[in-house]
Amino acid sequence: MSYMRKPKIVHPGLKKNALGLTRRDYEGAMSTLCAGCGHDSITAGIIQACFELSVEPHRVAKVSGIGCSSKTPAYFLSASHGFNAVHGRMPAVATGANAANPDLYYIGVSGDGDSLSIGLGQFCHAMRRNLDMLYIIENNGVYGLTKGQFSASADVGTKAKKGETNEQPPIDPVLTALALGSTFVARSFSGDKEQLVPLIKAGLKHKGFALIDVLSPCVTFNDHEDSTKSYAFTRQHYHPALEADFVQPADEIMADYDAGAAIEIDLHDGSRIMLRKTAPDYDAQNRGLAFAYIKDKLRLGEYLTGLLFVDEDGRDMHAVNQTVSQPLNSLDWDAVCPGSSAMPGILSRYS
Amino acid sequence: MSYMRKPKIVHPGLKKNALGLTRRDYEGAMSTLCAGCGHDSITAGIIQACFELSVEPHRVAKVSGIGCSSKTPAYFLSASHGFNAVHGRMPAVATGANAANPDLYYIGVSGDGDSLSIGLGQFCHAMRRNLDMLYIIENNGVYGLTKGQFSASADVGTKAKKGETNEQPPIDPVLTALALGSTFVARSFSGDKEQLVPLIKAGLKHKGFALIDVLSPCVTFNDHEDSTKSYAFTRQHYHPALEADFVQPADEIMADYDAGAAIEIDLHDGSRIMLRKTAPDYDAQNRGLAFAYIKDKLRLGEYLTGLLFVDEDGRDMHAVNQTVSQPLNSLDWDAVCPGSSAMPGILSRYS
Amino acid sequence: MSKPQAAERINDFVIKLANVNGTGSASANSLLMKSIFRMGVPVVGKNFFPSNIQGLPTWYEIRLSRDGHISRSGDVDIMVAMNAETYGRDLAEVSPGGVLIYDSTWPRSQELIREDVTILGMPLAKMCNENFDGVRGRILMKNVAYVGALVALLNIELDIIKDLLSETFSSKPRLAEANMKAIQLGYDYALEHFQCPLPLRVSRMDKTAGHIMIDGNSAAALGCLYAGATVGAWYPITPSTSLMDAFRTFCDQYRTDEETGERRFCVVQAEDELAAIGMVLGANWMGARAFTPTSGPGVSLMSEFIGYGYYAEVPAVIFDVQRVGPSTGMPTRTQQCDILLAAYCSHGDTRHPVLFPADPHECFEMAVKAFDLAERLQTPVFVLSDLDIGMNDWMCPKLEWDDAYRWDRGKVLGREELEKMDHFWRYHDADGDGIPYRTLPGVHPRGAYFTRGSGHNARGAYTEDSDEYREVMDRLTRKFATAAELVPGPVTIGNGRSDAAVLSVGSCDGAVREALSILSAEGVNLSYMRVRAFPFSAEVQAFLDRHERVFVVEQNRDAQLRTLLIAETRVDPGKLVPVLHYDGLPIGSDCVVGAIREAMATGAAA
Amino acid sequence: MSKPQAAERINDFVIKLANVNGTGSASANSLLMKSIFRMGVPVVGKNFFPSNIQGLPTWYEIRLSRDGHISRSGDVDIMVAMNAETYGRDLAEVSPGGVLIYDSTWPRSQELIREDVTILGMPLAKMCNENFDGVRGRILMKNVAYVGALVALLNIELDIIKDLLSETFSSKPRLAEANMKAIQLGYDYALEHFQCPLPLRVSRMDKTAGHIMIDGNSAAALGCLYAGATVGAWYPITPSTSLMDAFRTFCDQYRTDEETGERRFCVVQAEDELAAIGMVLGANWMGARAFTPTSGPGVSLMSEFIGYGYYAEVPAVIFDVQRVGPSTGMPTRTQQCDILLAAYCSHGDTRHPVLFPADPHECFEMAVKAFDLAERLQTPVFVLSDLDIGMNDWMCPKLEWDDAYRWDRGKVLGREELEKMDHFWRYHDADGDGIPYRTLPGVHPRGAYFTRGSGHNARGAYTEDSDEYREVMDRLTRKFATAAELVPGPVTIGNGRSDAAVLSVGSCDGAVREALSILSAEGVNLSYMRVRAFPFSAEVQAFLDRHERVFVVEQNRDAQLRTLLIAETRVDPGKLVPVLHYDGLPIGSDCVVGAIREAMATGAAA
Ligand SMILES: Cc1ncc(C[n+]2csc(CCOP(=O)(O)OP(=O)(O)O)c2C)c(N)n1
Ligand SMILES: Cc1ncc(C[n+]2csc(CCOP(=O)(O)OP(=O)(O)O)c2C)c(N)n1
Ligand code: SF4
Ligand code: SF4
Ligand SMILES: [Mg+2]
Ligand SMILES: [Mg+2]
C-alpha cells in the first residue's frame, strides 16, 4: 500500500489486518440516515467484512441506485470509487464497469424499491449474466426516501405509517433470484452481524453474481405502534408531506440465533417477523428444491436465512464472452488500434 | 349482436357459435409474417378459442408490444379494439385499460424479447398485480423483427443464423411466473392446437393473470440447417443487414402427443426440442413443487407443457383496490364530481 | 442586552426557523403560519428541507406582507435558530436590526455573536424536559414551545392558537392539551424574560378573508377529483408525491361508497414511470380520465410513451412538479427547468400542450382544464408546476366550483353514431380543425381500430407510404394550431412604456409583481405578461411585437422559456433579455429588480 | 414492340428494382451496383424495405451519375418489376421513355401497359425452374438471372460479375458457379430477345478509383474499432443494428487473439436501451472507451441516463441512426428528426455535443472524433447519422488512417500525479476551460470520489447548497463554450451572392450540392454551409450574418435545425427559410431546387 503516504493517526492498539489497515480505513462519510436504520448496520457489516478480508479499499468499486439504502456506499470505504446511478439502474452501470475492468471487487447496494420495482428488469438480467459482483438488497418493504410507500416486497397485511394496509402479494428477491439463475443466493437480517459478515465475505469471494437479501427495518416508516400511529393519524389537518415530520429516535434491532433455529424479531412498528436459519444439513446446491423449501417456509410465515443456494461452476459474463484477461480499460493503443496496415484488407470488401 | 347490420356473406354451411358468428368473424387482417411462422399458428388458436367460447368480438381488447409476435393482434378479431404499444410496455397499457374497464376480455400478445428483455419488469409486475388478462408469449428464442439476435429465452448452445452460439443461460418465463406469483401458468407449442386451444380458453376464463408460454419456432432465423447455413456463411462479403435477405419458404411445425407423453420436435434449423405433457395426476396447485419439478425436467432437456400451475383464489387488481363494480370509464358526471356543495367542507382544512 | 432596536414594523417582516428535520418542526412552524393567517395578515411559508428523512438541517421561512407580496424578500428579520450545526450561518443571515432566538439550555459559542442583532435565549430543552415525559414528547414540544414564545413576542392572539390546536387534534383532546401546555410554557417565558411585543409584530388585518392557505399539489389533486379523473397511476417522486397522496385522500372521502366501501377510482402505484404513463395511456384509451404526477426524471423516463401519445393521439394528463435538474439534481429544491422537455418531449417531430400554473389556485383550475384539453385534442397535456408551488402553502382566493360545468370528452363516437355510419376512419380530419374522431373499446365492433405508434394513415391502417404518412403528420400540425386557440391565454397587466416590458411564467409571478411595484415606485412602469400555456396564443406575439425590449424572467439556467418564445413566435431574439434564477430557492423580487435596474441603466438591449 | 425509344444516356440514369422481401433480391441488386462501380462509374444505391421479414414489397434504387451526384434524382429510367402486387404503381413510376422489365412466366394484366415505356418481358421463373433444383435455388436465382439480363442490356462487363461472384463465394466455388450460371441465363436471354445494349447504358469511366462503396454503419463501426473502443452495449433497433454487427465482425478479426481466441473487446447485448446507456456510462467511468448505437426510441429511453452523463460528467458515445418518427414511426424509412432531442436530451438544463456526419466517410471520421470529444469534454456525445447514411451503400473516398494519431483520453489523473497531490477535487475548474480532472477507479485511493447525479459541489461532495450547485452548473456552461472550439467546424462552399445562401446538415448534402449546381446553371449562385456539429462554431454565426436570407434544408417536419440555429446563435429568425422534406425517403435535389426557385421568385424573405 504505497499510497498511504500520510497514514491517518490511529490508536496504536487498533487491530490491523494483513494490509496493516485498521477498520477505520474502511469507513466512509458520516451516515445521514435515521438513527437506528437497519441500513447502517449493513454498512457496518460491509466495513467489517472488507477489513477482515484485507481488501485493498481502492480495488473496490461501489455502485448503487437511489434511495436511503443507495446512499450508503458514501458511508463505507471512502478510498473506493463509487457510482451512485439513477434510480433502479445500478446493475447496468455495474455491468459496463465490470466489462471494462473485472479485476475490482464490485459491491452493489440497492433497496427493495430500487431493485424490485423500477430496477427489476436490470436486476434480473445482471443475474442472468452472472455478473461477478456482490449485490446487497437492503430490504425494508418500503420506499424510505420518498416517505414510506409500500415497496414490491411489502408483505400482505403490512400497515403503512399513514394507516393503509398492503394487500398486494410481495415479490420475494430470493425466489426471483432462484428463478432467474443467480449463482449465489442468501438472506440475512441487518441486526445479525454474526450471520451477515460471513455472508458478505462469501459473496465478495464468489465468482459470479452473489445476492444477499438483507431484511433491514426502516425505523421511520414502520414507526407506528399504537400511540404513535394515533398521533400521526389524528393530525388530520396537516398535509401528507409532513408525515415524516417527526422521526422517533430508535435503536438498531439485533438478532442472534443458531443454525437451524428460528427467532422472532419485534420490529419498530410492533409487528414481528420470524427468521429461521438454515440447518447444517441444508442442501444449497439444488435450485428447484431450494425454491420449494423456501416457498414452503414463507407460507408458514418464516424467512429462511443463510446461504440458500450456491453454484460455483457458473461462468461469468467474461467467461462467456471470452474476454482477454487483461482488463479492457488498461489495454494500450497498439492492442486496440489495427493501424493503417490493416486498412487495405478491411476496405477490400467494399470495392 | 344488433351491430351486425350488414352481415358478411358467409358460406351457409359454416359452423356458427352461440352468437351466430362463424369462425371468419373472428379473423383479422392478412398476416405479413413469414410463411410457416409459429406465431400464425397461435393466431389461429386464438381465433378458434374465441369462436368456440362465443366471445363477442368487440368485448375483447387486444394489446401487444413490438415484434413479429406483437404484430399478430392485427391478424385476429378485427372487430376488437387493439393497442399496439411501444416495445415491452404492453403490460402497463393493459393495467391502465383494465383499471378503467375490467369487463372486457384482455388478450395480450408478446414476444420473448418484448416480455423477457425490455419488458421483463412490467411483465413481472402485471403478474404481481394478478391483472385479469390472458398473456401469451410467442416464444421463439430470437428477436425476429430485428433479424435474429438471441433473446433472453434462447437456450444455451442455440446457434444464430449468423453462426454465433448462445452461451448465456436462458430466462424461463414459466419459472419466472411461478416466482413472481402468476395465478395461472401454462406452456404449450404453437403446432399443438389440441393442447393450445383449450389452454387459451382456460386462460381467458381465468380470473386473474393467465400466462401461456407458447414455444413458437421462427422459421427465418432458426433457418440454418447445414446447406443453408453455409450459404449464408460463405457470403462473407455481404453486409450483415442482408442476412435475412432470403427467407426459405417453410411449413408450420406440428405436434400431436398424449398426456404424460413426451415428443421430440424437429425445428427448422435441424435442432430438436423435447416436449413433455403433464401427466393426468400432475398437481398444478403447489407453486413450490411445480417449480422444482419443471426445473428438474428442464435440466433433462424437456419442456413440460400443459397447465402447470393454477390458483383460482388469487384476488385481482380490482379486488385488492375494492373498485366499484361498474367500470370506471362508464361512471357518469355525478358519480365522479363532488360539486360545489362539497367545496366548503374540503376547504375548511385550508383556512 | 442593549442592542440596536429594530424599527417598528407591523405585518411586514420575515421569520425564519432553522431546525433539524425529523423533529416535528414543520408541524409547529405551520401552526405559527396558520395563526398569522387567521390574524388576517397575508402570509406565505416556504419550506427548505433536505433530501433525507432525519437529522439534517431544514428551514422554514414565513413572510408576512401587509401588501400581499408572495415571493421571498431576501431578508430575515427574526431567526429561530434551533439547529446548533447551522447556528453560525443562521446568525449571519439575520438582517441588521433583526432578532435571533435560540435554545439556551446549552452554552453558545462566544464567537457567534452579532452586535447588530437582538439575541434572545430561552432554555427550551430544559423547559420541555421538566414538563414532558418521554423522548418523543420532549423533542416535539420544544418546537411548540418556541411557537408559544413567538406568539407572545409577535402579539399573536392566543385564542387563535387554541382553536387551531383543538381543530387539529379534534379526536385526541389529550394531545391538544399537551400542545397548548407547551405553547403556554414558551408564551409565559417570553412574557417574563423578553420585552413583548417586539417592534416587529403582528396586528389584526382583514386581508385573508375569502382566502385559503393551500399547497399546489393538494389543489391540483382537487382539480383531478372535480374533473372526474378516475384512474391515477404514478411512481413516487419528490416533489410530486403529495399530489397523488392528496388525490387518494380526497377520493377516499368523496368517491367511496359509505356502505360498501367500494371505490369510484383506482390509484395504481406503478413499478416505475414508464409503467405509470403506460397505464395512463391505457386508461385514457379506454375512455377514463387518467393522469400521472411526476417530476423531471420521471418525464425523461416517460419520453418514449409520450411521443406515442402524440402520434397515436391518446389523451393523457401529466403533472410535472419541477425540481432542480439536471439528472437526479436537488430533489427538494425548486426550478422551472423542464420547459423545453415538456414542449418537445420524445424523439421525432413532437410537440405537446403545456399549462403553466402560477399558484395553487391555478393548479386547481388548470388541472381541470388539462383533462378537457387532453380529451378534446386527444393528446398528452402537461401541467408544469414546481416544488415551490406544489409543496409550499400559498395564500389564494378560495377555490370555487361552477356546477354548470361539464367535462368536455371531445370527439368520441358512441354506439348510436357508429350504428349510423358506413365506416369509421380513426385519423380522418372530418372537421378541418385537425382533430379526428375516436371510439372507445367495448362499445361497437364498427368502432374497432388498431391504435399504433408505427406509421398509420388517415384510416388508421398501418402504412409505410410517404404520402399517407405525411398526411397524418400535417394534420397533427393543424391540430396543434387548433390547440393554440383552446389553451388558457396569457395574463397581461398594465399599460406600461413601450420600450421595455416583462414576460414571465409560473411561480415567478409573485417576484415579478413585487419587482414591478418596486420599480414603479422608482418611476419605471413596465407592462407585464405571464404566459399560461404552450402553444402560445396570438396575444403573446402581439405583446412581443408591442415592446422594444422584453425581460424574460424564469427559473432555469438556459433561458428555456426564451428559447421556446423565439422558436415558436416571430419575435426578434435580440429583444428578449434573459433574467435567470436557478439556485434552487424560489426566485425573489430582488433578483428581478436588480436585473432590470441594471439593464435599464446600461441602456440598449443586450 | 415499337415504343418511343429513349435517348442515348450513358452513365446517367436510374435503375429501380421492385421485389418481394425475403427472396434474396438485395444480394442480387447489390451485385449489380457493385459491378457498375467496378466499371468506374459513380453510383449510389438506396434500399427501400418494409418493416417485416418476408413477403412484402421492397425496392432498390441504383443511380448512375457520371457527374458524381449522390442524391435521388426523382426519376426512374429502368424498372425491374418483380413484384406482381406493386406492378401497377411500379409501371406508373417509370419516366417517359423508360424501360420496364418483368417476369413473363405468368400473363400480365392488359391494363398495365404504357405506350411511352419500353416493356421487356422475360420468363425468369420458368427459366430458373428449368435450370435449378430446390425451392431455395429457384427463388434466389431468379434475381441473379435478371441481373444477368441487365448486364447485357446495360453493357456491363461480364468479367466483372465473374470476379465479384468468385470473391463473394470464395470458399464455396459451387455457389459461385450456380450464380454464374444464372447470370448467363439472363444474359443470353437478353442478348437473344432484346436489342442490347439499351440507349441507357454503362460505359467504362475512371471515376471510382480510390473510392469504396460502403454503408455508414460499417464505417462508423470501423471508426469505433480504430478509436480503440473496447466496450459496446446495445439493444437491437433498426436502422442501427448493423453498426454493432459490423463492430463485432471487425473485432472478431482484428481484436481476437488468433491462438487463444481471447477477445480484446466486449459487446454486451443489453436487455434494453436504458441498460445499454447505463453500461456505456459504467464502462467509460472505468476508463474504457464505450459506445452504444441506437435510434430515436432508444434515445428517448436513454434520456434520464444521458442527463446523468451530462451532470456527473461521464464520457459516452451515442450513435443515433435516425429513422422516421415520432414514436415507433416508420423504422425502415429515413429522417433527421432527432436534432432537438439530441441537443437538449433529458430533463433540467442539459446540452450535448452532437456531430452530424453527411456520409459514411464522415461516419468513420466522426466516430473517432466522438470518442476524443467525449473523453476530452467528459460528457455524452451524439453522432447523429440516419438510415439513409447508415444502411445504404455510398461511394466515398477510401478511408485512410494516420498512424501518428493517438487517442485523446482527456484530463485523467494517473497514479503518479495523484501521489503528488494533497487532495483531488473532482469538479474543480483548474484550467479555466470548464473541464475538470477525473480519475479512474482502481488506480489510487486518493483519486476516490463518489460519482453522482444528485447535487454536488466543485470538490465532488454531495450538496444542497445554492451557491455550490450554481458553481458547478456555471462551469458546465463554460465547458460547453469550450466544446464549440473543439467540435468539427462547418464546411462552406462558394462565394455566392450575399442576398441568399443555403445551410444544411448531414445526409441532405448530396441533394443540396446537386441543387446548387442546377441553380447555378440557371444563373443562381448560392453559397452553402453544412454544419457538422453542435455547439455551433463561430463560423456558423459569421455565415448567417453574411447573408440576408438563408435556406435551411433539413429532413424533418418541424425545422429542428432551424430552431436550434435561432436558439443558439444571434441570427434573426426571419432570415431563415425552412426547406423541409419529411416523407421518409431520402431527400432529392428536386425538393431543394423547387423550394429555392419558388422563394427566389416570390422575392422577399418569408
Ligand atoms: C426516476 C426516479 N423515480 C423516482 C425517484 C424517487 N425515489 C427516490 S428513492 C425511491 C425509492 C427508494 O426505495 P428503496 O429502493 O426501497 O430504498 P429505501 O429508501 O427504502 O432504502 C424513489 C421512488 C427517483 N429518484 N428517480
Ligand atoms: C425501444 C425499442 N427498442 C428496440 C426496438 C426494436 N425492436 C423491434 S422488435 C424487437 C424484438 C422483438 O423480439 P420478440 O419480442 O421476441 O418478437 P419476435 O419478433 O421474435 O416475435 C426489437 C428489439 C423497438 N421497436 N423499440
Ligand atoms: S427513512 Fe427508513 S430507510 Fe430511510 S434512513 Fe430512515 S429508517 Fe432508514
Ligand atoms: S422472422 Fe421469424 S418470428 Fe418473424 S415472422 Fe418470420 S418466422 Fe416469424
Ligand atoms: Mg426500501
Ligand atoms: Mg422472439
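Residue numbers start from 1 in every chain, and the chains themselves are labelled A, B, ... in the order their sequence lines are given, proteins ahead of strands.
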Please rank C:C251, C:G261, C:A233, C:A290 by heavy-atom pairs under 4.5 Å with chain B and give me the top one. C:G261
Portion of B:T323 that has a non-hydrogen atom of chain C nearer than 4.5 angstrom: both
Under 3.5 Å, side chain of C:R38 to main-chain N/O of B:S351, donor-acceptor pair present? yes
What heavy-atom pair brings B:G345 and C:Y254 nearest, and what distance separates the two atoms? C-OH, 4.2 Å
What part of C:Y405 lies closer than 4.5 angstrom to a heavy atom of chain B: side chain, backbone, both or neither? both
What part of B:I346 lies closer than 4.5 angstrom to a heavy atom of chain C: side chain, backbone, both or neither? both
Determine whether a donor-acceptor pair (N or O, by modelled atom type, separation under 3.5 Å) exists between the side chain of B:N329 and the backbone of C:M286. yes
Which heavy atom of B:S78 sits nearest to which heavy atom of C:A448, and what is that distance? O-CB, 3.5 Å
C:D206, CG atom: more than 12 neighbouring heavy atoms under 6.0 Å: no
Please name the pair of heavy atoms, one in C:F450 and one in B:G82, separated by the smallest distance, quoted to 0.1 Å. CD1-CA, 3.3 Å
Please look at B:P73 and chain C and tell me whether the side chain, the backbone, both or neither of the residue comes under 4.5 angstrom of a heavy atom of that chain. both
When C:L225, C:L281, C:D402, C:V314 are compared by non-hydrogen pairs under 4.5 Å with chain B, the top option: C:L225
Can you say whether B:R129 sits under 4.5 Å from chain C via the side chain, the backbone, both, or neither, judging by heavy atoms? side chain
Give me the atom names and distance for the closest heavy-atom approach of B:S340 to C:Y226. N-CE2, 4.5 Å
Backbone N or O of B:L328 within a donor-acceptor pair of the C:R264 side chain at under 3.5 Å? no
Determine the minimum heavy-atom distance between C:R263 and B:N321, stating which atoms define it. CD-O, 2.9 Å
Rounded to the nearest 0.5 Å, what's the gap from NE2 on C:H444 to NE2 on B:H58? Could you check? 7.5 Å
Before we go on, tell me: are the rings of B:F83 and C:Y449 under 6.0 Å apart, centre to centre? no
Indicate the atoms forming the closest heavy-atom contact of B:H318 with C:C266, along with that distance. CE1-SG, 4.5 Å
Quick one: does C:D403's side chain have a donor or acceptor within less than 3.5 Å of a partner on B:G339's backbone? no
If you count heavy-atom pairs under 4.5 Å between each of C:F250, C:F37, C:F305, C:Y462 and chain B, which one has the most? C:F305
At a heavy-atom separation under 4.5 Å, does B:L104 approach chain C through its side chain, its backbone, both, or neither? side chain
Which portion of B:S330 sits near chain C, non-hydrogen atoms under 4.5 angstrom: neither
Where does C:R452 contact chain B at under 4.5 Å (heavy atoms): side chain, backbone, both or neither? both
